[in-house]
J.: 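This is the structure I have questions about; it appears just below.
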Amino acid sequence: MAKEITPRAENYSQWYLDLVNKAELAENSAVRGCMVIKPYGYAIWEKMQAQLDRMFKETGHVNAYFPLFIPKSFFSREAAHVEGFAKECAVVTHYRLRNDPDGKGVVVDPEAKLEEELIIRPTSETIIWNTYRNWIHSHRDLPILINQWANVVRWEMRTRLFLRTAEFLWQEGHTAHATKEEAIEETLKIVNLYADFAENFMGIPVIKGIKSENERFAGAEDTYCIEGLMQDGKALQCGTSHFLGQNFAKAFDVMFSNRDGMLEHVWATSWGVSTRLMGALVMAHSDDNGLVLPPNLAPIQVVIVPIYKNQEEFNRISARVAEIIPRLKARGITVKFDDNDNRKPGWKFAEYELKGVPVRLAMGPRDLENDTVEVARRDTLTKQSLPAENIDEVVESLLKEIQENIFKKAKAFRDENIRKADTWDEFKTLLEEKGGFISAHWDGTTETEIKIKEETKATIRCIPFDEKSGTGVCIYSGKPSQRRVLFAIAY
RNA sequence: CGGGGUGUGGCGCAGUUGGUAGCGCGCGUCGUUCGGGACGACGAGGCCGCUGGUUCGAGUCCAGUCACCCCGACCA
């Protein structure tokens, strides 16, 4: 009652904002475009971080940290890169404040102007490749497989919590290789890792593919990506992995002696996922009652709500709950016993639904009498009374089932929303009436891509790896097409 | 940067032809409640975004200014 969520059907983007606010994931801050990630939201992000970090390390990567500031001159080294990021860079020009001579407060000290202005990193390729120059001399120094967890700043015109903020958190991997093949292999390895993470951990089905030239990362030879579909039929890029060729090695003069004693430029990759995944998580699974969290990402997997009329009853319930909790914990389940006396059970039920807690156990006088527990699952909003005896075992398998069910549901939705269009009219109609991904032939030119975008707002999300449609004719230009690509309106 | 809108207790809002600020939620205390967001009683809480002007008197009218939100152009 106190916390009403706008239904999705009424206003999807308001629904999203309501959820982010009311589930206490994040809020707007005093700084335009920057968000405060609140403890509950941050706990989910930490779960993502922990799993990704594990996966990176399993594949031989190590963490390091590079500076927040990047000398302006570094930026101009790689032409495409500067072109891509110049318009959204925050710049540090001074290093000192002083008291305002005309009154109260402080002003920038004009005498403290920096010799060389510093860019606040929008991404770290330049500072990292400038550093790698000193680290790489021989093929024996390669590969370098480094990841960093960091914040970056991109001065966006319009922002939305998690989906697009001026400052965001992410991880950026930056690897250096002796051969092109090895670098491409790395790029692909990571896009596969991201897809595995998105699907098996976050429960979000994604399409792996390659970006068109127009959508490619500034400074990359190829950009691979995973694309997800949100419940409103818009696509969301969930992660990217770039094959950078020798572009940054050339820009920063990073060379190594190969086995034959010849000097060669180093091959590079970079890849990242960001707090945007939080937005994907919300928009992929949640409903009008609140968040729906896959158990793998839920800060609280099981909440236990006691139902009682008086202290004596509460004591008896607490005693029973105290037996159950260690059994759940022993199975690696995160459990919270909400014994807050200031809230009533009904309030708690609604609250934990809003927060997306996958499983709720309720225990009251009836359960004491029958030796049962009421088990409610968030994904289906169903509940049933089950024997308390083996409840830990039941909950463990239920969590697995919920994780799978959430993914299946999202996948069914995604699959239903990939449609083929063979004519321009069909394309426009589908886009307008259904949304989702549209698989269509494209002549491969940037001109056509841009025209389609101008006329429909749809962009090429990717050329899927597993696209086997064969040749055809472009829906827009009628020219020959090598294969179908996926279009969508994207976040 | 264009177009639109909003600034009033913590949050959401009302405030008429200018007359000294009110409602809901939340908050505090007490009591009754407790298996799907309980109820009653009492209570605390407001330089009305900021600056200047008109006026006997401004939340209200005028001018300026700042901030934020929404819609576009740019983007993970």
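Throughout, protein chains are lettered first and strands after them, A, B, ... in sequence-line order, and every chain is numbered starting at 1. Only a predicted model underlies this, so the values are computations on that prediction, with no experimental measurement involved.
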J.: For the pair made of CG in A:N21 and C1' in B:G10, what is the distance, rounded to whole Å?
T.: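 So the CG-C1' distance, A:N21 to B:G10, works out to 14 Å.
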J.: Determine the contact category for A:S274: base if any of its heavy atoms lies under 4.0 Å from a base atom, sugar-phosphate if only primed atoms, P, OP1 or OP2 are that close, otherwise nothing.
T.: base
J.: Within 45 degrees of the axis of the six-membered ring of A:F437 and under 6.0 Å from its centre: does A:R414 put its NZ or CZ there?
T.: no
J.: OH of A:Y12 versus P of B:C70: gap in Å, rounded?
T.: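 Computing the A:Y12:OH to B:C70:P distance gives 16 Å.
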J.: Which is true for A:E156 with a 4.0 Å heavy-atom rule: it touches a base, it touches only sugar-phosphate, or it touches nothing?
T.: base
J.: With A:R8 as the cation and A:Y12 as the aromatic partner, state whether NZ or CZ is under 6.0 Å from the six-membered ring centre and within 45° of the axis.
T.: no
J.: Need one value for A:S29: base, sugar-phosphate or nothing, where a base atom within 4.0 Å counts as base even if backbone is also close, heavy atoms only.
T.: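 Touches nothing.
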J.: Would you please indicate yes or no on a ring centroid separation below 6.0 angstrom for A:H174 and A:F248?
T.: no
J.: Sticking with atom C1', work out how far B:U60 lies from B:A21, rounded to a whole angstrom.
T.: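 Per the computed distance, 12 Å lies between those C1' atoms.
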J.: Using the P atom as the reference point in each nucleotide, state the distance between B:U51 and B:U8 in Å, no decimals.
T.: 15 Å
J.: Between B:U54 and B:C61, how many Å separate the two C1' atoms, rounded to a whole number?
T.: 8 Å
J.: With sequence neighbours left out, write down each residue that passes side chain to side chain donor-acceptor pair (under 3.5 Å) with A:N310, or none if nothing qualifies.
T.: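 In terms of side chain to side chain donor-acceptor pair (under 3.5 Å), with neighbours along the sequence ignored, A:N310 is linked to no residue.
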J.: Answer yes or no: side-chain N or O of A:K383 and base N or O of B:G36 forming a donor-acceptor pair under 3.5 Å.
T.: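 Such a pair is found, so the answer is yes.
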J.: Can you see whether A:Y224 has A:K208 sitting over its ring - NZ or CZ less than 6.0 Å from the centre and within 45° of the normal?
T.: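 Negative - A:K208 is either too far from the ring of A:Y224 or too far off its axis.
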J.: In whole Å, what separates the P atom of B:U17 from that of B:G53?
T.: 27 Å
J.: Counting runs of three or more consecutive pairs, Watson-Crick or G-U wobble, with each distance below 3.5 Å, where are the stems of RNA chain B?
T.: B:1-7 with B:66-72, B:10-13 with B:22-25, B:27-32 with B:38-43, B:49-53 with B:61-65
J.: Give A:L236 one of three labels, base, sugar-phosphate or nothing, depending on what nucleic acid heavy atoms sit under 4.0 Å from its own.
T.: nothing
J.: Write down the distance between CD1 (A:I5) and C1' (B:G37), rounded to a whole number of angstrom.
T.: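 The distance from CD1 of A:I5 to C1' of B:G37 comes to 12 Å, rounded to the nearest Å.
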J.: Provide the distance between the two P atoms, one in B:G19 and one in B:A73, to the nearest whole Å.
T.: 45 Å
J.: Expressed as a whole number of angstroms, how long is the span from A:I190:CD1 to B:A76:P?
T.: 19 Å
J.: Restricting to side-chain contact (heavy atoms from CB on, under 4.5 Å), what partner residues turn up for A:N417, sequence neighbours left out?
T.: A:L229, A:F413, A:R419
J.: Give a yes/no verdict on a cation-pi contact between A:K234 and A:Y491, requiring under 6.0 Å between NZ or CZ and the six-membered ring centre and an angle within 45° of the axis.
T.: yes
J.: Any donor and acceptor pair, going by atom type alone, linking the side chain of A:N147 with main-chain N or O of A:D53 inside 3.5 Å?
T.: no
J.: Check every strand shown and say whether A:Y491 touches a base, only sugar-phosphate, or nothing at a heavy-atom separation below 4.0 Å.
T.: nothing
J.: Can you measure A:F314 atom CZ to B:G35 atom P for me and round it to whole angstrom units?
T.: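 Rounding to the nearest Å, CZ of A:F314 and P of B:G35 are 15 Å apart.
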J.: Determine the Euclidean distance between corresponding C1' atoms of B:G31 and B:G12; express it in Å to zero decimal places.
T.: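 Roughly 29 Å separates the two C1' atoms.
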J.: When the distance from CG of A:L169 to C1' of B:A76 is rounded to whole Å, what number comes out?
T.: 13 Å
J.: Between A:G239 and A:E353, which is nearer to the 5' end of RNA chain B once each is assigned its nearest nucleotide?
T.: A:E353
J.: Nearest whole Å is fine: how far is B:C74 C1' from A:K87 NZ?
T.: 6 Å
J.: Could you work out the separation of B:A58 and B:U20 based on their P atoms and round it to a whole Å?
T.: 12 Å
J.: Parallel, tilted or perpendicular, judged at 30° and 60°: which one describes the rings of A:Y132 and A:W129?
T.: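 If you compare the ring of A:Y132 with that of A:W129, the planes turn out perpendicular.
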J.: Which listed nucleotide (B:G35, B:G37, B:A76) is nearest to the side chain of A:E374?
T.: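 Closest nucleotide among those given: B:G35.
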J.: Please give me the minimum heavy-atom distance between A:E125 and A:F217, naming the atom from each residue.
T.: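 So the two residues come closest at OE2-CZ, 3.6 Å.
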J.: Could you pick out which residue, A:M157 or A:F168, lies toward the 5' side of RNA chain B when each is mapped onto its nearest nucleotide?
T.: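 Going by which nucleotide is closer to the 5' end, it is A:M157.
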J.: Taking any heavy-atom pair under 4.0 Å as a contact, classify A:R360: base, sugar-phosphate, or nothing.
T.: base
J.: In whole Å, what is the span from the CD atom of A:Q14 to the P atom of B:G5?
T.: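 Distance, rounded to whole Å: 19 Å.
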J.: If you check every side-chain atom of A:K457, which of B:A73, B:A76, B:G37 has the closest atom?
T.: B:A73
J.: Please list each protein N or O that sits under 3.5 Å from an N or O in nucleotides 27-34 of chain B, with the distance.
T.:
residue : atom : partner : partner atom : Å
B:C27   : OP1  : A:R343  : NH2          : 3.3
B:C34   : O2'  : A:Y308  : O            : 3.2
B:C34   : N4   : A:K309  : O            : 2.9

J.: What residues, two or more places apart in sequence or in another chain, satisfy ring-ring contact (aromatic ring centres under 6.0 Å, His included) together with A:F337?
T.: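 Residues passing ring-ring contact (aromatic ring centres under 6.0 Å, His included) with A:F337: none at all.
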J.: On a whole-Å scale, what distance lies between the C1' atoms belonging to B:C47 and B:C42?
T.: 29 Å
J.: How would you list, by chain and number, every residue that makes a ring-ring contact (aromatic ring centres under 6.0 Å, His included) with A:F168, sequence neighbours excluded?
T.: A:W170
J.: I want to check one thing: is the phosphate of B:A67, taken as OP1 and OP2, less than 4.0 Å away from some side-chain N or O of A:R32?
T.: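 No.
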